[in-house]
Amino acid sequence: MAKVRERWGSRIGIILAVAGSAVGLGNFLRFPSQAAQNGGGAFMIPYFVALLLIGIPLMWAEWTAGRFGGGFGHSSAPGIFHSLWQKNRFMKYFGVVGIIGPFTIYIYYVYIESWCLGFAYYSLMGKLNLASADAYVQFLHWYQGVGDGSSLAGSTPGIVFFLITFLINIGVTYFGIRGGIERICNIALPTLFIFAVIIVVRVLTLGAPEGAPADQTAAGGLGFLWNPDLSALKSPKVWLAAAGQIFFTLSVGMGVILTYSSYLKKTDDVALSGLTAASTNEFAEIVLGGSIVIPAAFVFFGPMNIEAIANSGTFNIGFVTMPQIFAGLPGGFIYGFMWFFMLFLAGITSSISVAQPAVAFMEDEFDITRQKSVRIFGIVAFILCQPAIWFLNRGVLDDLDFWGGTFFIVIGATLEIILLGWVFGIDKAWDELHRGHRLRVPSVFKYIIKYVSPTLLLAMLVWWFYEQWWKVITMHGVPAENVPFVLGIRLILLAAIVLVGVLVWLAWKRRKLESNA
Amino acid sequence: MTTGGWIFMLISWAAIITVVVFCYTRTFSSNNNNEEPDQQDFSEPERF
């Protein structure tokens with residue numbers, strides 16, 4: 001008897017789950033910082049071009065491939081890649097990237113997510129009303145357990161909030177697609193949007209502070225983000241930054257959408273659902289994310305400091321700049337709580353999604369129950385989360401972010417789109433995309449998926465190998481004292497890749513024996 | 001903010017909000033095919 005697969009409870013359930021996976025810390029912290037650093041309004045032109053030529057086509061490609069692979073009982077990239085190219089016995093091994101990539105993100109992202117929970121707690125308790133800008137930096141360092149000269153990072157509150165966050169993540173995953181992931185996303189996403197809208201309204205109604213020029217208002221801050229500097233369009237750096245942000249924000253190329261859409265029925269729509277999830281993410285990013293950090297910082301710190309703030313990095317913006325701003329508002333502790341809890345919700349809906357490919361791989365390919373798969377995943381993930389906590393000041397988190405949040409994503413996306421458009425065949429893929437469709441995709445996307453997206457992705461990869469490969473391998477720019485730690489985490493990742501590769505081999509060997517029996 | 005900035009921002013916001021409203025309206029208004037059986041039935045068996 002065929003195994004009965006888990007299913008989504010409703011169409012809106014998977015849409016919110018995919019949107020929840022895409023809406024993360026990057027929407028509220030990374031996007032405004034990237035836009036402000038790369039020409040303001042001009043950044044949005046390559047951003048929209050990348051959205052149309054890479055982001056949306058990849059989104060549709062992943063939804064299509066995932067639902068197709070799910071029809072063969074596969075919910076993770078090795079099986080789905082194999083379903084798309086059954087004649088090639090090596091293709092499944094390329095799918096390892098779709099398990100290791102999200103897992104790499106998981107083992108550092110959960111820790112950052114726990115900072116949001118911790119800071120939400122401290123905001124609510126009124127502990128984030130500090131005397132000076134330096135005090136906020138010191139508070140963050142105290143929380144992270146860095147900066148006291150110790151070789152190990154980590155602090156008691158940091159560990160406590162990490163444990164709470166980790167247990168919530170594992171608990172949600174344990175209850176499965178419908179009982180865990182869908183249920184939490186149905187609550188978390190609307191709550192997140194309500195909090196974000198309240199904060200946006202508060203920020204956009206801020207007047208100029210006492211003694212400040214009359215034009216130091218939120219509208220001025222929006223101008224910093226939206227006034228077009230068209231000369232920026234000549235810079236390849238701006239185009240690459242925009243394409244990178246699209247990858248980062250839509251969760252494409254990770255393998256998460258493949259897994260989520262594999263739980264759809266074969267006649268469930270993917271065309272409209274994919275666009276709905278993507279547009280939800282874009283609303284969160286452009287309309288909400290673009291209207292909080294930069295306008296608020298503009299009002300409080302003035303036009304002279306805004307560039308330095310935009311360049312100060314996402315952690316600084318989120319955990320140092322924003323608490324200072326909220327502390328200056330009446331009832332600021334409530335806004336501070338809403339800000340950090342919103343980030344926490346954005347984080348958890350993303351982290352549960354990056355756990356799913358590995359759990360689904362064990363469930364489907366080894367016939368292990370979800371509960372047992374989650375237990376195994378939890379133990380391995382808990383152990384591998386430790387380097388990001390204890391060696392935070394040793395560059396480990398940044399290195400994990402590079403491999404999980406950039407490198408594996410681009411590799412995964414390139415493989416997926418070539419596999420679907422060229423190997424599986426664009427005509428079959430197009431029919432598959434429109435099976436049970438609620439939206440007819442304009443036929444120009446057929447050519448974009450086949451020609452434009454793969455060309456742009458390959459160009460990005462070639463450029464990256466040409467410019468960066470050697471520097472990354474030789475750890476150029478990594479301080480000498482951090483090299484052993486960065487090397488150590490890379491060896492762990494390499495071992496994990498080999499291990500998953502062996503597991504894929506074993507899984508197919510097992511399937512073959514069973515089918516012959 | 002310059003006039004160009006306002007125009008660009010409002011057009012971008014309007015475009016995104018229009019797509020979001022269109023997608024959700026269509027999602028909620030269309031019938032859900034939940035009558036389908038849970039078993040998948042892809043015609044070709046998988047090769048190993």
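So you know, we letter chains A, B, ... as the sequences are listed, proteins then strands, and number each from 1.
- How far OH of B:Y24 is from OG1 of A:T280: 2.5 Å, rounded to the nearest 0.5 Å.
- For A:S231, the side-chain hydrogen bond (donor to acceptor under 3.5 Å, both in side chains) partners two or more places apart in sequence, or in a different chain, are A:D229.
- Counting heavy atoms from C-beta outward, A:I12 and B:F28 have side chains that approach closer than 4.5 Å.
- Under the 4.5 Å side-chain criterion, counting only non-hydrogen atoms from C-beta, B:W6 is not in contact with A:N227.
- Here CE of B:M1 is found 9.5 Å from OG1 of A:T217. Values are rounded to the nearest 0.5 Å.
- The distance from the CD1 atom of A:I286 to the CH2 atom of B:W13 is 10.5 Å, given to the nearest 0.5 Å.
- A:L272 is listed as a side-chain neighbour of B:C23, based on a closest heavy-atom distance under 4.5 Å.
- For chain B, no part of A:F224 is nearby; none of its heavy atoms comes within less than 4.5 Å.
- Proximity to chain B (any heavy atom under 4.5 Å) is shown, for A:L225, by neither the backbone nor the side chain.
- A 4.5 Å side-chain heavy-atom check between A:Y47 and B:S12 finds every atom pair outside the cut-off.
- With rounding to the nearest 0.5 Å, the separation of CZ in B:F22 from OG1 in A:T276 is 8.5 Å.
- Of the listed residues (A:L222, A:D215, A:I15), the greatest number of heavy-atom pairs within a distance under 4.5 Å of chain B belongs to A:L222.
- Not counting sequence neighbours, the partners of A:H437 by the ring pair (Phe, Tyr, Trp, His ring centres under 6.0 Å) test are A:H434.
- At least one donor-acceptor pair closer than 3.5 Å links the side chain of B:R26 to the backbone N or O of A:R438.
- Under the side-chain contact (heavy atoms from CB on, under 4.5 Å) rule, A:S279 has a single partner from B:V19, B:I16, B:T18, B:I17, which is B:V19.
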